[in-house]
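In what follows, a single structure is set out as structure tokens and then discussed.
Side-chain atoms are counted along with the backbone in the values below, which use heavy atoms only and exclude waters and symmetry mates.
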Amino acid sequence: MIDGTGIGRDEAVTDVSGRTRMVSLTPGRRSLPGQPATGGVMSLGLVLVALPCILAAALGFATYAPYGSEAAIGIALGAAAVVAMGEALILAARPRLLEPVFGGLDRIYGVHKWLGISALILMILHDLVEPEFGRRVRETGMGEIAGDAGELVFNALIALVAISWFRRLPFTGLEIPYQLWRFSHRFMGVLFAVVVFHQFFVDVPAGVDPSLSVLLNVFGLVGLVAWVHTQFLAPRLRRRDFTVSAIGRHGDTTAVTLRPKGRAMRWRPGQFVFFSAPEAGLSEPHPFTISNAPRPDGALTLSIKGLGGWTRRLPGALREGMSVQVEGPYGRFDFRRGGTRQIWLAGGIGITPFLAWAESLAETERRDIHLVYCVRTPEEAIGLETLQAAAARNPGFSFELVATAWDGRLTADRLIASARFPIGEADLWFCGPTGLKDAILKGLAALGQTPRRVRFEHFEFA
């Protein structure tokens, strides 16, 4: 992703939920095309970010059209780039009020990524079609400095956005070191401040309508405020202090139980938090799904699989009684938004949101729910006692464990056979490797059993 949440490649393979992230990330949900419940929300978010960029470009072109089409196009491209960069910094601040508009934080990060890519393209085009006003501009000392600053920052911005975009180099096994990638995000706001300075003071022809400048100044200043908030204020204002009350290990998965030091945090089953442990030398926040339902004492459990450097260091670094920090909750992955018949499909550590859902099921729950949990071997399965308790408590809930090393890969035929109701009449909720999801959906479609809706977790904020 193009912001500083602290997800490196290793963690991008496991951490947004403690879950396996092999899909392009984030927590949230996605429906198949034609499902307005999710698609409509996402469309609203896209419109929300696209309109200001289009407005800036149109206003830039109209304002500078009297000075020639080349100048007007150059200004339009630069104006759209400034707005796109400002919006990217705003979304990187993880504004909770916008989560419903985009359909979840994963959607916000997806838009954030493409805003960064769009800004990069627009900046390159702006540099290629650089506005020239000849003698129509009275040059000032500050304007000359602003012009030089724009030239200096241009290449640096392209380099940083490219680092964010190509964190894993295409067609190679090479990867930009996580710390460099992280630093590029933190430094982006500094360079954007130079862009704002350039836009604010660069010399323009006398008598030009100031509307465009006002629009760009607003997005520039708001973007900078968002960056300052993200880097310096949010770590102090958003993070809550917790204490590690228990550490359990199951194979390469560590279950960390945390208790709040102050007021308990409220969350819905299926949501995730950003977790850090500065005392253990793990100060970078990483996202993990809360794998238990809300409890009166506010205790929460994170099930973290050791698939990356950060997550592998965690078990040996944490100690009971240690102070840690939690930020959240985030996410809109909620089965209660679905229909009366549901298939839950989990792959590996992707079981975590389903464990919280299962624990939250009351005896009065009237939905028919069948969970299929895929692991390589039975020994890798976690939370079976939670699933067994849910099945005993609620007759509408059932589950099946599929150990692929013994039983072979899960197929659409087997999924259909295991369910107590036609899958074509049910919602499918998925969390796990993208290959499993794609294979199952393709198989179901071939058998004429396409689910009513498909909602799944994104696993990598990228």
Side-chain angles (χ1 to χ4, degrees), residues 14-15 17-20 242-259 264 267-273 275 288-307 311 314-315 318 320 329 333-336 342-407 410 415 418-420 429-432 436 457:
T14 56
D15 305 320
S17 49
R19 26 189 179 205
T20 320
F242 280 70
T243 300
V244 178
S245 62
I247 302 174
R249 293 180 177 84
H250 186 95
D252 57 359
T253 299
T254 301
V256 182
T257 301
L258 310 174
R259 294 189 183 278
W267 76 89
R268 297 187 305 274
Q271 289 191 297
F272 69 99
V273 297
F275 169 69
F288 300 93
T289 293
I290 303 171
S291 56
N292 65 286
R295 297 170 183 171
D297 62 357
L300 58 87
T301 298
L302 306 177
S303 298
I304 303 169
K305 191 168 184 176
L307 296 182
T311 50
L314 184 76
L318 282 184
E320 292 186 10
F333 197 58
D334 187 353
F335 78 95
R336 289 182 171 82
Q342 299 186 15
I343 296 292
W344 297 354
L345 178 56
I349 199 64
I351 189 63
T352 50
F354 299 118
L355 292 179
W357 287 1
E359 185 178 326
S360 72
L361 289 175
E363 295 180 10
T364 56
E365 177 64 58
R366 291 293 177 260
R367 289 179 174 85
D368 287 327
I369 299 170
H370 181 62
L371 165 67
V372 177
Y373 177 16
C374 297
V375 291
R376 193 176 65 86
T377 66
E379 291 73 26
E380 294 180 359
I382 64 171
L384 294 182
E385 64 284 351
T386 298
L387 302 179
Q388 292 164 352
R393 183 173 64 250
N394 189 303
F397 175 76
S398 60
F399 75 94
E400 178 181 353
L401 181 67
V402 177
T404 58
W406 295 359
D407 306 325
L410 178 69
L415 183 63
S418 70
R420 300 175 299 179
W429 297 81
F430 176 81
C431 189
L436 173 61
E457 291 279 288

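In terms of heavy-atom proximity, Leu302 sits nearest to Ile290 at CD2-CA, 4.1 Å. Among all heavy-atom pairs drawn from Ala358 and Arg393, the shortest one is O-NH2, 3.0 Å. For the pair Arg249 and Pro315, the tightest heavy-atom approach, listed with the atom from each and the gap, is NH2-O, 2.6 Å. Pairing each heavy atom of Pro269 with each of Pro294, the nearest pair is CG-CD, 3.8 Å. Closest non-hydrogen pair, Phe397 versus Ala391, comes out as CD2-N, 3.6 Å. In terms of heavy atoms, Trp267 sits closest to Gly298 at CZ3-O, 4.0 Å.
Using a 4.5 Å heavy-atom cutoff, the side chains of Phe354 and Trp429 are in contact. Put simply, the side chain of Phe399 does not reach to within 4.5 Å of the side chain of Ile351, judged on heavy atoms. Annotation: side chain of Val402 is not in contact with side chain of Val375 (no heavy-atom distance under 4.5 Å). You'll find the side chain of Asn394 stays beyond 4.5 Å of the side chain of Glu363, heavy atoms only. Contact annotation: the side chain of Thr311 approaches that of Phe288 to within less than 4.5 Å [non-hydrogen atoms, C-beta and beyond]. Put simply, the side chain of Thr301 does not reach to within 4.5 Å of the side chain of Val256, judged on heavy atoms. Considering only heavy atoms from C-beta on, Ile369 comes within 4.5 Å of Leu361 through its side chain. Taking 4.5 Å as the limit, some side-chain heavy atom of Leu345 sits within range of a side-chain heavy atom of Leu410.
For the atom pair Ser360 OG and Asp334 CG, the distance stands at 8.5 Å (nearest 0.5 Å). Here Lys305 contributes atom NZ and Asp252 contributes atom CG; the two are 5.0 Å apart, rounded to the nearest 0.5 Å. Atom OG of residue Ser303 and atom NE2 of residue His250 lie 10.5 Å apart, to the nearest 0.5 angstrom. The distance from atom CD of Glu400 to atom OH of Tyr373, rounded to the nearest 0.5 Å, is 13.5 Å. Taking CD1 of Ile304 as the start and OG1 of Thr254 as the end, the distance is 7.0 Å to the nearest 0.5 Å. Taking CG from Leu314 and CZ from Phe275, the interatomic distance works out to 5.5 Å, rounded to the nearest 0.5 Å.
The backbone N or O of Thr364 sits less than 3.5 Å from a side-chain atom of Arg366, completing a donor-acceptor pair. Judged purely by atom type and a 3.5 angstrom limit, Arg367 has no side-chain atom pairing as donor or acceptor with the backbone of Gln342. Between the Arg420 side chain and the Gly396 main chain, a donor and an acceptor come within less than 3.5 Å of each other. Under the 3.5 Å distance criterion, the side-chain polar atoms of Asn292 are left unmatched by any main-chain donor or acceptor of Thr257.
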Contacts table for residues 378-389: side-chain donor-acceptor under 3.5 angstrom, sequence neighbours left out:
from, atom 1, to, atom 2, distance (Å)
Glu379, OE1, Thr377, OG1, 3.4
Glu380, OE1, Arg376, N, 3.3
Glu380, OE2, Arg376, NE, 3.2

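Aromatic rings of Trp357 and Phe333 (six-membered ring for Trp) have centroids within the 6.0 Å cut-off, being under it.
Legend: residues meeting side-chain contact (heavy atoms from CB on, under 4.5 Å) with Glu320, ordered by chain and number and at least two apart, are Ile247.
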Practice task
Before giving the answer on salt bridge (Lys or Arg N to Asp or Glu O under 4.0 Å), spell out for Glu359 and Arg295 the whole-Å C-alpha distance, their side-chain angles and the decisive distance to 0.1 Å.
Solution key: CA-CA 10 Å; Glu359 185 178 326; Arg295 297 170 183 171; 3.2 Å; yes
